[in-house]
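Taking it in order: structure first as structure tokens, then the write-up.
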Amino acid sequence: MMRTDIIQDVPLNDITQDKFGREPVVDLIVGSINQMVSTDHSCMVYGIYGKWGEGKTSLMNFVKSKLFAQGKDDGIIIAEFNPWLVNNDEALLQEFFKTIMADADSLVREAFKKYGSLAILASKTIVNAVAPGFGSALAKGIKWAQKALEDSKDALSELKEKASEAIVKSGKHLIVMIDDVDRLDKEELHSVMRLIRQVADFKNCIYLVAMDVDMVAKSIAEYHGKGSLQDGRKFIDKIVQVPITIPQIPHCDMEKLIKELLIDTLQDATDKKQIEDISESILPFIGTYRELKRYCNQLSFVLPCMKGEVNILDLCLLEAIKMIDAESYGRIYERENALRHIVDTAPLLSEDKGHEEAAKNYEAAREYITRGIEGKLKEAVLDAIDYLFENGSIDSQLDIDKKRLNSDVYFQKYFTQLVPSELIPDRELDSFRGRLLELNEVEIAKQYDDWLEKYSASEVKRAALYTIRRCEYGKERCWAASITAKALSVCKVAQGLPPHVYVDPDVVSSFVAIQIIHRYLFVQDEKYAQVNVWDADLLDDTFSFIFEKAEMNYGMNLLASSDSIFGSGVYNGKKTLPILIKRFVELGFDKQFKYSKFLLITLFNRWKRIDTDGFNEFAKNLFVNPEYSLARVLNKFIDGTDDGQDVVDFVGLFKVQVPQINERLQGESQEVRESHAAKIYASNYRPLLEH
């Protein structure tokens, strides 16, 4: 079973839950705070820096838990302020003072109440009155604020000082924790920074502010118009006295976590070895624990449809690209032909030019796909693309077997996340494979016929190879090839072949001969580079069944496609060819000579080799029997060429029968004797006999 529940992305609260060895950092922060609160001090700001998902909130929670565990004797009051709950200066200050007054004593609350009320009033009447700026802008802002408040009973600065003194007199130390400031917009972020720097920088007050410092610096720079990112960092440095960067997760720890979560997510979709390969492959794409959880959640929604239908490693890599950049993922789909080295103009180009054009298109596609991605992530995506499309458009059977993205059969599946309607689902093929041992040739052929009602002949042929290649190498695969070859020869896709079609990969007879019989019923001896028959009895049984049960046209085409097998010297077909020859003889002259010259020559050559006497008897009768048209025989074999090759083949076949042919020809009409075929024969046969 695969994971169906969602991995929750919630911050951790207990240090015992930590997976990344953050406790030493937590201890340093807590130790620093404890030293700070041992005496009175000015406002201090700790910055907890880290990217989204790197664990800033968890680290803040760990610090808070350790401080709480110390008890109340340390005089520490912890307040958690959430600025993203409000959306203007007035509400921000109201929420802030409400938060910090919650656990303060009466004198501190009274001081905060007075100061806070006036600060809120100021925010209403002069928005950004004390807005921080660079150089003279800051002084101008403060002067403006002071002028606006000069008629107040107590100056804002005096009330602020009294609030600080109240905190000191209370013997308490206020720790304000502010998280997720990098999620605020420019205006909100600016208000929080002003709050920390100018409005609430009380004595005995410590701020812990968690942020993605680069994002905050960029926002501050944008707020101030033409400020640069470096200016933004300098501004933050004026506020934060203690910058603490979240330590990077060691690769070994992240890889361990990836394996753990992938094992849980993938479960029975793959094996342990491949999970290790997947972990290593996606490691460059995973920067944080949050990204890992998000990635596994993403996979959990894809896998139920894709399990058993695609290569899991390819799928995981493709989903990793989708996670870090959805546009790049979409561009892979757009550039299928370029990535698979398919060139639309290939027929017009030389082989070298075609390869050159394909390589050029591939490089352009890589750059287009990674546009907008930089640094190590770009390298990771480029490496992934090269792995996914390493074999170009070869569409090798091995890539199809492995259900690779770079094969035409499987490419669409990865993006539709459905089985295209023109393909038989691999799950259905796996189920069929599981029942193969229980079925006979007729039952298998019936399954092929059922598939032909919904799918193409090429898809049925793919199903046949899929079944064979998932059988264990050796006797089991050899047997599967035999029964598959027999079933294909009697199903509907093998019926109705014309008598002139021969070796053509689109014709099922050629497919059976070349892709099944030759490839799986024979084995090559690696030591001696010699081809041998796996099982002679099984091979005899296969050809015997086909030559007896299949349509005659199919048998003739299969023989032509298998000619290299019968001519190899390894298998002569003495036990099986007589079956096809007998059926051929029974056809009679008219039906026999409907077959193409190529098919007839192939049959006659094989017949002549295994049964010379029988063939010569047939050939003699062919030329002496007046019921058989000599003109038709001559025109079949000598069909119009002037180079004499037709006569070479003809005389080679019927050399023994030349006397009967000549005698018969003398008795034919002048029209027959003057025919092109007869004249070409007459002018060429003598030298051939002498040779």
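Bear in mind that the values here come from a model prediction, so they are computed numbers and not experimental data.
Shown here are the side-chain contact (heavy atoms from CB on, under 4.5 Å) partners of Tyr368, two or more places apart in sequence or in another chain: Arg331, Glu334, Arg335, Arg371.
Heavy-atom contacts from other residues, nucleotides or ligands closer than 6.0 Å to CD of Glu476 number more than 12. A 6.0 Å sphere centred on NZ of Lys259 holds more than 12 heavy atoms belonging to other residues, nucleotides or ligands. No more than 12 heavy atoms of other residues, nucleotides or ligands lie within 6.0 Å of NZ in Lys19, so this atom counts as exposed by the packing criterion. Atom CD of Gln17 has more than 12 neighbouring heavy atoms from other residues, nucleotides or ligands inside a 6.0 Å radius.
Centroid-to-centroid, the aromatic rings of Tyr333 and Tyr414 stay 6.0 Å apart or farther.
When only modelled atom types and interatomic distance are considered, Asn297 and Ser300 share no side-chain donor-acceptor pair under 3.5 Å. A donor atom on one side chain and an acceptor atom on the other are not found under 3.5 Å apart for Tyr49 and Asp182. Counted by atom type alone, Asp426 and Tyr410 present one or more donor-acceptor pairs between their side chains at under 3.5 Å.
One distance of note links CZ of Arg340 with CG of Asp399; it measures 10.0 Å at 0.5 Å rounding. Considering CG of Leu313 and CD1 of Ile275, their distance stands at 11.5 Å, rounded to 0.5 Å.
A cation-pi arrangement is absent between Lys186 and Tyr223 under the rule of less than 6.0 angstrom and at most 45 degrees off the ring axis. Annotation: cation-pi pair Arg404/Tyr387 present, NZ/CZ under 6.0 Å from the ring centroid and within 45° of its normal. In this structure, Lys293 is positioned above the aromatic face of Tyr289, its NZ or CZ under 6.0 Å from the six-membered ring centre and within 45° of the axis. Under the 6.0 Å distance and 45° angle rule, Arg470 counts as a cation-pi partner of Tyr466.
Between Val216 and Asp212, every side-chain heavy-atom pair lies at or beyond the 4.5 Å cut-off. In this structure the side chain of Tyr448 never reaches within 4.5 angstrom of the side chain of Val493, judged on heavy atoms. Two residues are said to be in side-chain contact when any heavy atoms from C-beta on lie closer than 4.5 Å; Glu80 and Asp179 fail this criterion.
The aromatic rings of Phe432 and Trp451 lie perpendicular to each other, with more than 60° between the two planes, well past the 30° mark.
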Could you walk me through whether Tyr520 and Trp479 pass the ring-ring contact (aromatic ring centres under 6.0 Å, His included) test, one step at a time? CA-CA 9 Å; Tyr520 301 111; Trp479 172 85; over 10 Å; no
Take Ile15 and Ser65, measure what side chain to side chain contact (heavy atoms under 4.5 Å, CB included) needs, and give me the verdict at the end. CA-CA 8 Å; Ile15 193 67; Ser65 296; over 6 Å; no
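Checking each of Gln412, Glu428, Glu309 against Val419 for a side chain to side chain contact (heavy atoms under 4.5 Å, CB included) leaves exactly one that passes, namely Glu309.
Judged by distance alone, the side chain of Asn311 and the main-chain N or O of Lys402 form a donor-acceptor pair under 3.5 Å. The backbone N or O of Asn440 sits nowhere less than 3.5 Å from a side-chain atom of Lys486 that would complete a donor-acceptor pair.
In plain terms, the two heavy atoms of Ser489 and Ala494 that are nearest each other are O-CB, 3.4 Å. Minimum interatomic distance between Phe285 and Ile321 (heavy atoms only, all atoms of both residues): CE2-CG1, 4.0 Å.
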